[in-house]
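Data first, discussion second: the structure below is written as structure tokens.
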There are 2 protein chains.
Amino acid sequence: MDQSPPRSSSVTVADVARKAGVSKATAARVLGGYGTVSDHVRDAVTAAARALDYQPNELARSMTTGRSGTIGVVVGDIENPFFSLAMRGISDVARQAGFTVILINSGEDADTERSAIRTLLAKRVDGLIVSPAKESDADHLREAARSGRPLVLLDRGSETLDIDTVIADDRHAAENITRRFIALGHRRIAYLTACDTPDHRFRAPTDINTGSVRRRIEGFLDVCQKAGLERMEDWVHVGAVTPEHTRCIATVILKSSRRPTALIASDSVIGLEVFKVCRELGVTIPTDLSLVSFHDADWTSVTTPPVTVVRQPVYGLGEAAAKLLVERLNGNSAEATRVVLKTEVVERASVAAAPA
Amino acid sequence: MDQSPPRSSSVTVADVARKAGVSKATAARVLGGYGTVSDHVRDAVTAAARALDYQPNELARSMTTGRSGTIGVVVGDIENPFFSLAMRGISDVARQAGFTVILINSGEDADTERSAIRTLLAKRVDGLIVSPAKESDADHLREAARSGRPLVLLDRGSETLDIDTVIADDRHAAENITRRFIALGHRRIAYLTACDTPDHRFRAPTDINTGSVRRRIEGFLDVCQKAGLERMEDWVHVGAVTPEHTRCIATVILKSSRRPTALIASDSVIGLEVFKVCRELGVTIPTDLSLVSFHDADWTSVTTPPVTVVRQPVYGLGEAAAKLLVERLNGNSAEATRVVLKTEVVERASVAAAPA
DNA sequence: TCTCACTATGAGACCGGTCTCAAATAAAAA
DNA sequence: TTTTTATTTGAGACCGGTCTCATAGTGAGA
């Protein structure tokens, strides 16, 4: 069967049809797996296709069917373990359902995100999963939703948007932690997040454009207020956008005369940096500072002491978002859904009673 | 300018042309940014496009131009920090060069990888970056290379394949570590990797299908032999494919009567698990066991003691692969290149002299 | 004033599939 | 045997762009 080496590329249905001695339409029916064909013809076409090493052109196929078999995903930063794990969830479900994934990193920048969505729409993705950098300007999200292609928001989403959303119950988790801190006698509790404000200062939750973080801070402030703690807004620090920034901010906080006795890190990248700074500054955990970090990252369980964390179902978040999207793609057109997954506080040894 | 709400989708060049009162060809010239058009007509078309909210169909464009503006990436597991960081490098370069990235997870499975490549080829990606799970059957890689679309191998690559490859100098790093261990008096040195063999036992480097790991083991064995250590093959352990497997294997190794005094973990996921097992078993690092891990992961710097690691330029690996690919895409058709990036041993506190 | 080179536009083929519709053939019913 | 119905097949339009080629228009040079 030593065929002539099949030429590099572009064997088309027409070529196969010619070789098999049938019409283009018939060959297409066999190759595309639709319509009815006699067994006899099917075999002939299949054989011809194999002989010519026919490779279907998915692009042309999408062109006519209108479905590309792709879903677009826009995340803040794939390097962040949070997103890479969520991505794993998305990609597993997508593959299962026969979709491939186009990934774009927004770098948490709204403009990049906007153009990313435009690009994906132009490439005619069947649906989108986006983890919006800022919720304040959500026009491009509305536009995407209006384009008719399903959109699911991941981890972040605004209540005002009528779009499918998958989030964790961040507010509840933050309340939970704050309550524990207060019960342990802490009064000076800091919250440190990457989200930034124009003047790098925090005044009210509405300053925060990232839903998940806003909800956490709301929960934090809420519990504080109910416990009679005043002006806790001053203990919320924003702008820990890079490890260097975090290091800088953490150093200032921990060197200050009114040093916090407890600190909540809004993600594991921040938590890690805070942990390092504590070590450098000789701040002992948990004696001098009680530390809790969001996201159950690798490192949190092997430090001395191991760090108490809020375990978010990150893989599940991605999984749920992708499942929701696939459902929509299969024609489910019910009202916009809001999936909220449970978080869990993993108690380790970085939390103790406030120093006297 | 309260336009009638632009209909959901599919405004085509023809529609714009009609509205602007020009031919389809002319409208296409303006919209596609090619050919020559008078300023007057350009304005008219642009205005019409805006009014109708024209969105180009990248699919149709790719159809005729033959370029899709996409590159396909196949990695073992995006959840692994190694790959997510490399992915960041790839995706940054790709975006810069105007390409989008389709990501597929192979789960380190050769069959999945094969079908992933087929899918990507069918979707007419312009080029491919693959981190092959197994090098033994590389037919699909050859096929991909033959398809005419450029292919770059990432982190792993076989010497026998005439394909662009970007790797780190793993062999050198392994030699380096091994030499240090031996100089410190270690004789029982274990090597633990995720790569597996059919019977889960290691005999010779040729058993190992993953180039990067094979090169490391070769370096390890080579230095051992030169130092007069015999039968060090027995100290190479394979099959640490999941954290659970790793845990299990590490426990057996560390509980054995001839316990190693030094251990090299082939990646950070394995290193982390070994670290945990040591803690559980009361094996003190570095007194009882000297530990070195490949990949400078987050956690390695915050443990007690911090772990000595081989820092690979992971981001750079992805970056270099993408750059190489983009060059090919721009027509550079020189011989297959082999880029080797330097590694660096980051000395921390998990290595000490062998116990007496 | 007439030719020449050059620019701007239009008509229509083309990419590689899918899909509609009608014709041809085969099988079943009258 | 004739009519009816079901099953295969082929011809060709279509998706939404790009691109070739021919035609019309325009200013420069002779």
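Note that the structure is a prediction, hence the values are computed from the model and not measured.
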Worksheet item: salt bridge (Lys or Arg N to Asp or Glu O under 4.0 Å) with Glu135(A): which residues, sequence neighbours excluded?
Response: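 Checked Glu135(A) against salt bridge (Lys or Arg N to Asp or Glu O under 4.0 Å); matches are Arg214(A).
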Item to complete: List the steps and the verdict of side chain to side chain contact (heavy atoms under 4.5 Å, CB included) for Leu325(B) and Ile129(B).
Response: CA-CA 8 Å; Leu325(B) 188 62; Ile129(B) 296 179; 3.7 Å; yes
Worksheet item: CG of Asp109(A): more than 12 outside heavy atoms within 6.0 angstrom?
Response: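 Counting other residues, nucleotides and ligands, CG of Asp109(A) exceeds 12 neighbours.
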Fill in: Distance in angstrom units between Asp15(B) CG and dC15(D) C1', rounded
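The answer, rounded to whole Å, is 13 Å.
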Discussion item. Just the rounded figure in Å: distance from P of dT9(C) to CZ of Arg18(B).
Written reply: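 Those two atoms, CZ and P, are 19 Å apart.
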Discussion item. By the salt bridge (Lys or Arg N to Asp or Glu O under 4.0 Å) test, which pairs, at least two apart or in different chains, include something from residues 315-334 of chain A?
Written reply: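 Output for this query lists Asp164(A)-Arg328(A).
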Discussion item. Enumerate the salt bridge (Lys or Arg N to Asp or Glu O under 4.0 Å) contacts for residues 59-75 of chain A, please, sequence neighbours excluded, ordered by first and then second residue.
Written reply: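 Non-adjacent pairs meeting salt bridge (Lys or Arg N to Asp or Glu O under 4.0 Å): Glu58(A)-Arg61(A).
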Mind checking side chain to side chain contact (heavy atoms under 4.5 Å, CB included) for [X] and listing every partner two or more places apart, or none if nothing turns up?
X         : result
Thr100(B) : Ile102(A), Ile104(A), Thr119(A), Lys123(A), Thr70(B)
Asn209(A) : Lys134(A), Ser136(A)
Arg88(A)  : Asp92(A), Tyr315(A), Asp77(B), Ile78(B), Glu79(B), Asn105(B)
Pro132(B) : Glu113(B), Val130(B), Leu141(B), Leu153(B), Arg156(B)

Worksheet item: Does Gly69(B) offer a backbone N or O that forms a donor-acceptor pair with the side chain of Asp126(B) under 3.5 Å?
Response: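 Here the side-chain-to-backbone pair exists.
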Worksheet entry | Backbone of Ile163(B) reached by a side-chain donor or acceptor of Thr165(B) within 3.5 Å |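 Judged by distance alone, yes, a pair lies under 3.5 Å.
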Collect all protein-nucleotide pairs involving nucleotides 24-26 of chain D in which both atoms are nitrogen or oxygen and the distance is under 3.5 Å.
none

Practice prompt. May I ask you to list the residues of residues 35-49 of chain B, by number, that have any heavy atom positioned under 4.0 Å from an atom of DNA chain D?
Written response: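 Contacting residues: none.
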Discussion item. Let's test your reading of the pairing rules: Watson-Crick or G-U wobble, both distances under 3.5 Å, then write DNA chain D as a dot-bracket string with ( ), [ ], | and dots.
Written reply: ||||||||||||||||||||||||||||||
Practice prompt. Decide side chain to side chain contact (heavy atoms under 4.5 Å, CB included) for Leu154(B) and Leu317(B); before the verdict, give the C-alpha distance in whole Å, the side-chain angles of both, and the deciding distance to 0.1 Å.
Written response: CA-CA 7 Å; Leu154(B) 178 70; Leu317(B) 241 33; 4.1 Å; yes
Item to complete: Ignoring backbone atoms, test whether Ser23(A) places a side-chain nitrogen or oxygen under 4.0 Å from the OP1 or OP2 oxygen of dA11(D).
Response: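 Answer is no, no contact under 4.0 Å.
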What N/O pairs connect the protein and nucleotides 16-23 of chain D at under 3.5 Å? Give each pair on its own line.
| from | atom 1 | to | atom 2 | distance (Å) |
| --- | --- | --- | --- | --- |
| dG17(D) | OP1 | Tyr54(B) | OH | 3.3 |
| dG17(D) | OP2 | Val13(B) | N | 2.9 |
| dG17(D) | O5' | Tyr54(B) | OH | 3.0 |
| dG17(D) | N7 | Lys24(B) | NZ | 3.3 |
| dG17(D) | O6 | Lys24(B) | NZ | 2.8 |
| dT18(D) | OP1 | Arg61(B) | NE | 2.9 |
| dT18(D) | OP2 | Tyr34(B) | OH | 3.4 |
| dT18(D) | O4' | Thr64(B) | OG1 | 2.9 |

Listing, residues 27-50 of chain B side-chain donor-acceptor contacts under 3.5 Å, not counting sequence neighbours, or none:
| from | atom 1 | to | atom 2 | distance (Å) |
| --- | --- | --- | --- | --- |
| Ser38(B) | OG | Val41(B) | N | 3.3 |
| Thr46(B) | OG1 | Arg42(B) | O | 2.6 |

